[in-house]
2 protein chains.
Amino acid sequence: MDRCLTRERILDAAERLFAEQGFAAASMRAITHEAGVNLAAVNYHFVTKEKLLIEVVRRRVVPINRERLERLDRLETEARGRPVPVEAVLTAFVAPVFALRTGEPGGGHFPRLLGRLYGEPAESLTRFYEEEFGEMMRRFAATLQRSIPGLEPSGVFWGLTLATGMLCHILMAGDRLGLCTAGVCRADDAEEITQHVVRFAVAGLTSSAASARQEVSKTRGRRATTSPGRAPRIRKRTGR
Amino acid sequence: MDRCLTRERILDAAERLFAEQGFAAASMRAITHEAGVNLAAVNYHFVTKEKLLIEVVRRRVVPINRERLERLDRLETEARGRPVPVEAVLTAFVAPVFALRTGEPGGGHFPRLLGRLYGEPAESLTRFYEEEFGEMMRRFAATLQRSIPGLEPSGVFWGLTLATGMLCHILMAGDRLGLCTAGVCRADDAEEITQHVVRFAVAGLTSSAASARQEVSKTRGRRATTSPGRAPRIRKRTGR
DNA sequence: GTTTCATTCATACGTTCGTTTGAATTTGGC
DNA sequence: GCCAAATTCAAACGAACGTATGAATGAAAC
């Protein structure tokens, strides 16, 4: 059997089973059986189960975060020094997660795994997170900061965190998403999910900025509510 | 040892370990050791590991959802037929999750478990979800529907789902929350978390309603964007 | 004091776990 | 065709898993 083929088959099978059952519950025997390879092949190619998980995740996360940053670069280039529209920034953050769902052949299982990852206690994953997500998050935060006047740094990170939360929750819930929502919400339409998440994040960030501004200028007699502020001026809705 | 004491000690220990390590990774031996009880006590009191999980969850979820509904009832009574303010509804949805964190002595671990639950593949949990969350979600959806003029049913459920997602993600991330956010976001201030999540959900729902309204009346020459609309002027549009 | 019933206990059952081993097999360079 | 390295294989390792069992223990009921 081709050398690279076994590796890839293991990664595919592990991705599917990790996503469906979680790291601890997916046994190496189930993975290798699903992949149609020998049990010892995993230890030969990946040494350990935990390192296999890291590799499964890395294979998808690296391209996703690369595309996120590429989109962000493109937006900043187009903006030519002016602030980038908030919606565009958030779309660049959200959309790449779903890119491989339709693209890759067996990539449909990864979003669910991605959603589940934050809960996994493997400490090597924690390190992996900081390495793979840290800089990307900081770059998006910096861009967002300039996109929304009046938004403080903590507001930006909360926005990105909450956006990630919405994303992960939908991804993780999978088919069960419709259970508590009378079948209204489904997790199979990437376009719709992206649209909803981006809308919420844009509105939330804008609202945070508005209430922060109001906090500053509360001596002025403007009406004080916690409701979202005006629409941010987004002209050309740059979706990709 | 007191009869009820053993049960409670097992529930506490299981809650902590399930939250920290996940269902599959937390062994019965670790749980009973942590609880300081005999291994067989779990099977005596709960029959099976999966039923133990259900009981751990039920102990916290039932009071939480009861308080959610009580708050909602109170709001509707106060509103006397008028729509309930959106922010109040969402606060009633979010805040009770954190109530036991400060209240109960060992309850600090449950939010993280709650966040993790959506990923657990135990099929008995799926049934449990529909039973414990289904009606509550529908009641909140119905109230929200009347609170935000122009919001369609799917928008309401998406809002509640995304709000749940933000909540679960923060809860699940626990101490790791600050990792990718330059230490800005922390998961230990219930007040702050509630405030952020509610703000985002209010803004998002309002924005959804605004874009839905605009969709309807797009023949009129008003400016069309997908950005969030004004704050909803909750007028007394009597419903029901 | 004896009976009764609920609870706790030490121990063992049969599986399954992640990993290792060493021999077989395939592969690629000469 | 041959050697050496890379890969696959069947089999087994010790440990840990969830659960079951039957005897010990405790506290009320009589």
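Below, read A as the first sequence line, B as the second, and so on, with proteins coming before strands; counting in each chain starts at 1. In this text the structure is predicted, and so the values were computed from the model without any measurement.
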Of the options D:dT19, C:dC9, C:dT19, whose atoms approach the side-chain atoms of B:Met28 most closely? D:dT19
Which of D:dC17, D:dA20, D:dA12 is nearest the side chain of B:Arg29? It is D:dC17
Give a yes/no on whether any side-chain N or O of [X] is located under 4.0 angstrom from OP1 or OP2 of [N].
X	N	answer
A:Ser27	C:dC17	yes
B:Asn38	C:dT7	no
A:Thr6	D:dT7	no
B:Asn43	D:dG18	no
B:His45	C:dA6	no

Which residue pairs satisfy the salt bridge (charged side-chain N to carboxylate O under 4.0 Å, His left out) criterion with at least one member in residues 155-167 of chain B, sequence neighbours excluded? none
Is B:Glu135 atom CD crowded by more than 12 heavy atoms from other residues, nucleotides or ligands, each under 6.0 Å away?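 No.
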Axis-to-axis angle across the helix from C:dG1-D:dC30 to C:dT27-D:dA4, five pairs an end, to 10 degrees? 10°
salt_bridge(B:Arg59, B:Glu132) N-O dist < 4.0 Å: no
Closer than 4.0 angstrom, basic N to acidic O: yes or no for B:Arg66 and B:Glu70? no
Any side-chain heavy atom of A:Met166 within less than 4.5 Å of one from B:Trp158?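 Not touching, per the 4.5 Å side-chain cut-off.
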If you pin A:Ala25 and A:Val47 to their nearest nucleotides in DNA chain C, which one's is more 5'?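 So the residue in question is A:Ala25.
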